[in-house]
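Just follow the structure's listing: the first ligand is 1, and inside any ligand the first atom is 1. Basis for what follows: all heavy atoms, side chains included, without hydrogens, waters or symmetry-related copies.
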Amino acid sequence: MSQRDKNKLSDRFGISILQQSNKLRGLERRNFLKKSLGMAGALTASGLSSKALADSQNTPPNVPTWTKSLGTGVLTNPYGQPSKYEAHVQRRTVDWLTADRIASISFTPLGDIKGIITPSGVVFERYHAGVPEIDPQQHQLMIHGMVERPIILTMNELMRFPSVSMVRFLECPANGGMEWRGAQMDKLQFTHGMLSCCEWTGVLLSTLLEEVGLEKGASWILAEGADGAHMSRSIPMEKALDDALIVFAQNGEALRPEQGYPVRLLNPGWEGNTSIKWLRRLEVGDKPWHHREETSKYTDLMPDGSAREFTFVQECNSVVTFPCPEKPLSTPGKYFVEGLAWSGRGRIRHVDISFDGGVSWREARFTSEVTPRALTRFGLEWDWDGSPALIQSRAVDDTGYVQPTLGQLKAVRGTNSIYHKNGIHTWKVSSSGAVSNVQIS
Ligand SMILES: Nc1nc2c(c(=O)[nH]1)N[C@H]1C(S)=C(S)[C@@H](COP(=O)(O)O)O[C@H]1N2
Ligand SMILES: [Mo]
């Protein structure tokens, strides 16, 4: 860098002034933070110990190396990526869960997500036959069956219909399902990570159904995917005419291949398996297809051996995301406990947090917008005195439904289920600050 560049830099950005004030205020300020937050000796987010931090030539009152030179220019990354220091934020699998990675599932790193939107690159993936690589020019959506005017739409034609955008969660009903008989996952990513929340853009299914015209008696729709599993699900007409969305975009860009590019169905608030990806066919009929034994469905095995079916809604649920096993506490002091709540029935109305395993509760406050059928973030200040704690959250939705304790849930459902486990979750904080997954009723 030329001297002229350097002068320009320091003029423009007031670097020399910064340098001065850093020298004056740097140490004093660091001590204040340490005292008020109890951060002495804490690990920083980057994993550096405070000793390494103190030895760094890049911290105040020094001027960091990256401040003394020009950075890389525009279009270094025509499609941007997260900082390399965020590489630990990624989807992960539980390898013993599935035999291979084709019919498998990966989990959202919930402990690292901020706000309520899941970045597209870390949305959990669930495939029954892997991700098909679909050329949108060769993909069409067929709507037929009990309709007056069957149609086959190209992607361009689909996008000419009026579209809408909505922020909605998507959860696999198997989320938490490995833990009906006891805690066994050692991370938040695996206890609750079959969950995401995106802004979805597409055409309401009701708009398309108006276009094709329903025949009398039409009451169910079969949605079929173009993947090797040609996965299909039967959707009742009430949902189709309510908020079911034919989605082509996610978080402001085209759907990711993992999420169903170029088009998927989204049934907001309903179990994820009904939201058929890589959607190629919608057939209108007068009864559910799995009663004709043509397609499968998910059911819940009850204590008496019978099975519940049509449990489409993902009931009200919540989990504390900080602290969690991936994000332990360090020294006693002030923390902001955070979590996520969601309900397939509507808005979250209220969330309480317990630090003593449900004996006493304190009301949390919402720290995000509260949107129906979306993740909702909550938080609460906590002054940790260093003694062991059992942290729980309990959410209530706007139907008045209260998230049950695990004991209450098991009393009704037994432990034979895989699906729909929405009981209150417990994190055990030990006096070292380590956090582990435990179950109490
Ligand atoms: N065509 C097709 N659609 C599918 C699946 C699939 O394997 N094939 N998996 C379903 C299941 S079980 C879930 S939980 C959701 C997951 O959506 P995601 O991968 O976008 O997170 O997609 C659903 N839609
Ligand atoms: Mo699923």
Lys NZ or Arg CZ of Arg264 over Trp278 ring: under 6.0 Å, within 45°: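 The answer is no, since Arg264 fails at least one limit relative to Trp278.
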
Sole candidate of Ser165, Cys197, Pro119, Ser120 that passes side-chain contact (heavy atoms from CB on, under 4.5 Å) when paired with Asn251: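 It is Ser120, the one option of Ser165, Cys197, Pro119, Ser120 that forms the side-chain contact (heavy atoms from CB on, under 4.5 Å) with Asn251.
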
Identified side-chain hydrogen bond (donor to acceptor under 3.5 Å, both in side chains) counterpart of Ser417 within the set Arg413, Lys421, His420: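 When Arg413, Lys421, His420 are each tested with Ser417, the side-chain hydrogen bond (donor to acceptor under 3.5 Å, both in side chains) holds only for Arg413.
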
Taking only heavy atoms of [X] into account, list the atoms of ligand 1 that are under 4.0 Å away from them.
{"X": "Ser275", "result": "22 (O), 23 (C), 24 (N)"}
{"X": "Tyr127", "result": "7 (O)"}
{"X": "Glu125", "result": "19 (O)"}
{"X": "Asp227", "result": "1 (N), 2 (C), 6 (C), 7 (O), 8 (N)"}
{"X": "Gln259", "result": "18 (P), 19 (O), 20 (O), 21 (O)"}
{"X": "Cys172", "result": "14 (S)"}

With respect to [X], determine whether any N or O atom, backbone or side chain, lies less than 3.5 Å from an N or O atom of ligand 1.
{"X": "Asn273", "value": "no"}
{"X": "Ser196", "value": "no"}
{"X": "Phe124", "value": "yes"}
{"X": "Arg126", "value": "yes"}

Ligand 1 contacted by Arg264 (non-hydrogen, < 4.0 Å):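 Yes, that is the case, since the closest heavy atom of the residue is under 4.0 Å from the ligand.
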
Parallel, tilted or perpendicular, as decided by the 30° and 60° cut-offs, for the rings of Trp382 and Tyr335: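 Tilted, since the angle between the ring planes falls between 30° and 60°.
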
More than 12 heavy atoms from other groups under 6.0 Å of CZ on Arg345: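 No, not enclosed.
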
Arg160 atom CZ, over 12 foreign heavy atoms within 6.0 Å: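 Atom CZ in Arg160 is not crowded, with 12 or fewer foreign heavy atoms closer than 6.0 Å.
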
Thr274 contact mode with ligand 1 (heavy-atom cut-off under 4.0 Å):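 No part of Thr274 comes within reach of ligand 1.
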
Residues Val429, Ile391; criterion side-chain contact (heavy atoms from CB on, under 4.5 Å); working and verdict: CA-CA 7 Å; Val429 179; Ile391 304 191; 3.8 Å; yes

Gln403 side chain to Ala395 backbone, donor-acceptor under 3.5 Å: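 Yes; judged by distance alone, with no hydrogens or angles, the pair exists.
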
